[in-house]
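Down below is the structure, laid out as structure tokens.
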Amino acid sequence: MGAGDCVAHFSRNRGFAVVVFCLLGLFSVSSGGRLGVERQKFEVEKHLNRLNKPGVKSIESPDGDTIDCVPITNQPAFDHPFLKDHKIQTRPNYNPASVFNENKAATESKERTNPINQLWHSNGKCPEGTIPIRRTKKDDVLRASSVKRYGRKKHRSIPKPRSADPDLINQSGHQHAIAYVEGDKYYGAKATINVWEPKIQQANEFSLSQLWILGGSFGEDLNSIEAGWQVSPDLYGDNNTRLFTYWTSDAYQATGCYNLLCSGFIQINSEIAMGASISPVSGFRNSQYDISILVWKDPKEGHWWMQFGNDYVLGYWPSFLFSYLAESASMIEWGGEVVNSEPNGEHTSTQMGSGRFPEEGFGKASYFRNIQVVDESNNLKAPKGIGTFTEQSNCYDVQTGSNGDWGHYFYYGGPGKNSNCP
């Protein structure tokens, strides 16, 4: 009962007791609201203290981020109870051997691309023995549906090839344009990914391009390791293109998170920050930029390692985090994903990749090149039996190919809402 209801009720009943009852009720609602706000404030502050570890140095990035240089032994990974006495592995025992000379092919290719960096590098770097961590702000956490869900993907955000059920598309809101391989045991994957800054229609939508290392079924037990670039206003508070990673061992229900927003991934590199902006990005009919990502399972320790570019081994996901991936992956996927949050069968205009369809080609459409898998002998090799999948090809599409310069590649993406995708 609100204040207006109280007055109306009093005029009808002329009862002093009714007024007292109303006022007490209003006080209770007001008091309860304040308590709720205070409780939320306390929970947010507690979460920020848990995430933002004290650094030995802080660097202000031109995009408004603060990068804290945190001692490697004090990173969020070690909040995990199983990692209390973990001895950090400073380098992988084995790196995958490649039969494809990517540097030579890229140099000789007519379709040249350019080097890429992270924006915060222009204002400094972290000292050895520390790792760069993007500081989480209060507003970042408040944009999430709850403190507990901050930094986590929603359930059903995994592309399941051959299941373009319209009901599932509408229910999950996630759409994809991917290439994939399955039917073997995989010990890693690699790709060079063209980097763009797709336009996002609404703040609660995102657009990303990544590789997925998958184990288990597509039910409640799915294991996934993911890495690539994304634009996510909800997560970061802006429309910048950012490097990201993700992991889950239970299909995004209770385990895992983006970047270093929970315990799990152990970073060893002092130069690359998870979740930090990538600069520059590709332009339409202009200079093209791409990043190279490799994720592989160390044959000796069993941990899953990640490398960014040719020079930066970033760190690893300890094998104990996973069930199926503790042994090997059963599927690899590469490609794009967007969220369509439009109701009533409408479609978002959030772009995937460059926002152009694959047939437009280099300099216009976005691509993955030199896609490879790691076999049981720790060799990088060309994938066999590549399949493609998209829920609505008139909104976002994918086209594969292969040549001597780029190995196996594909163009992908699209504008979302258009005359053929209403």
Side-chain angles (χ1 to χ4, degrees), residues 40-41 43-45 47-48 50-52 61 63-67 76 118-119 133-159 169-176 195-210 212 224 226-248 251-262 264-265 273-278 281 335-343 346-353 355 395-396 413 415-417:
Q40 184 195 41
K41 190 177 174 184
E43 288 296 324
V44 170
E45 289 299 329
H47 199 60
L48 288 173
R50 195 159 51 234
L51 289 177
N52 295 325
S61 177
D63 61 357
D65 281 357
T66 300
I67 304 296
Q118 287 194 305
L119 213 48
I133 301 181
R134 178 186 181 268
R135 187 183 300 174
T136 302
K137 300 170 187 170
K138 183 166 73 173
D139 287 347
D140 293 336
V141 182
L142 290 174
R143 281 191 302 272
S145 58
S146 70
V147 173
K148 191 177 178 184
R149 293 303 303 170
Y150 172 64
R152 299 183 188 276
K153 280 191 179 186
K154 290 183 174 69
H155 197 28
R156 289 189 178 282
S157 64
I158 195 79
I169 295 168
N170 294 334
Q171 184 182 358
S172 71
H174 290 252
Q175 289 187 243
H176 309 85
V195 178
W196 292 80
E197 191 175 276
K199 290 182 172 59
I200 312 298
Q201 182 178 303
Q202 298 186 66
N204 65 338
E205 298 180 340
F206 66 65
S207 181
L208 57 76
S209 298
Q210 66 172 61
W212 288 261
S224 182
E226 307 167 24
W229 61 259
Q230 68 181 160
V231 177
S232 178
D234 219 22
L235 187 60
Y236 303 105
D238 59 29
N239 292 295
N240 291 353
T241 302
R242 295 169 177 272
L243 173 71
F244 83 96
T245 62
Y246 200 94
W247 71 273
T248 180
Y252 309 102
Q253 294 178 97
T255 62
C257 60
Y258 282 109
N259 308 322
L260 302 178
L261 296 176
C262 66
F265 184 83
M274 303 289 200
S277 299
I278 296 170
V281 297
E337 176 184 354
V338 300
V339 171
N340 175 25
S341 62
E342 288 292 284
E346 291 287 309
H347 204 284
T348 182
S349 58
T350 286
Q351 299 175 332
M352 182 190 292
C395 306
Y396 313 104
K417 188 180 179 72

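Rounded to the nearest 0.5 Å, atoms NE2 (H176) and CE (M352) are 7.5 Å apart.
Side-chain contact between W247 and C262 is present, with at least one heavy-atom pair separated by less than 4.5 Å. Here the side chains of T245 and E226 are not in contact, with every heavy-atom distance at 4.5 Å or above. Counting heavy atoms from C-beta on, the side chains of V141 and L48 come closer than 4.5 Å. Taking 4.5 Å as the limit, some side-chain heavy atom of V44 sits within range of a side-chain heavy atom of L142. Counting only heavy atoms from C-beta outward, the side chains of C257 and Y252 never approach each other to under 4.5 Å. Taking the side chain as every heavy atom from C-beta outward, W229 and V195 approach each other to under 4.5 Å. At least one side-chain heavy atom of Y150 sits less than 4.5 Å from a side-chain heavy atom of L51.
In this structure, H347 and Y396 have tilted ring planes: the angle between them lies in the 30° to 60° band. Note on ring orientation: taking the six-membered ring where Trp is involved, the planes of Y246 and Y258 are perpendicular (angle over 60°, cut-offs 30° and 60°).
In this structure, D63 pairs ionically with R242, as a charged nitrogen and a carboxylate oxygen lie closer than 4.0 Å. Remark: K153 engages E337 in a salt bridge, criterion side-chain N to carboxylate O under 4.0 Å. A salt bridge links K417 to E346: at least one charged side-chain nitrogen sits closer than 4.0 Å to a carboxylate oxygen.
For P233 against A203, the heavy-atom pair with the smallest separation is CB-O, 3.7 Å. L261 approaches G151 most closely through the heavy-atom pair CD1-CA, 3.8 Å. In terms of heavy atoms, R134 sits closest to D140 at NH1-OD2, 3.5 Å. In this structure, S209 and F244 approach most closely via the heavy-atom pair O-CE2, 4.3 Å. For the residue pair F206 and I200, the shortest heavy atom distance occurs at C-CD1, 4.1 Å. Taking each heavy atom of M274 and L260 in turn, the nearest pair found is CG-CG, 4.3 Å.
Of the options Q175, Q201, H174, a side-chain contact (heavy atoms from CB on, under 4.5 Å) to V338 is made by Q175 and by none of the others. For the side-chain hydrogen bond (donor to acceptor under 3.5 Å, both in side chains) criterion with S277, the lone passing option out of T241, D238, N240 is N240.
For R143 (side chain) and D234 (main-chain N/O), a donor-acceptor pair under 3.5 Å exists by modelled atom type. With hydrogens and angles disregarded, a donor-acceptor distance shorter than 3.5 Å links the side chain of Q351 to the backbone of K199. In terms of modelled atom types and a separation under 3.5 Å, the side chain of N52 and the main chain of T136 share a donor-acceptor contact. Distance alone, capped at 3.5 Å, is enough to place a donor-acceptor pair between the R152 side chain and the A254 backbone. No donor-acceptor distance shorter than 3.5 angstrom exists from the side chain of S341 to the backbone of E205, with no hydrogens or angles considered. Between the side chain of S61 and the backbone N or O of D65 there is no donor-acceptor pair closer than 3.5 Å.
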*Stepwise, does the side chain to side chain contact (heavy atoms under 4.5 Å, CB included) test hold for E43 with K148?*
CA-CA 9 Å; E43 288 296 324; K148 191 177 178 184; over 6 Å; no
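For N340 and T348, the side-chain atoms include no donor-acceptor pair closer than 3.5 Å. Judged purely by distance below 3.5 Å, without hydrogens or angles, the side chains of Q230 and Y236 pair a donor atom with an acceptor atom.
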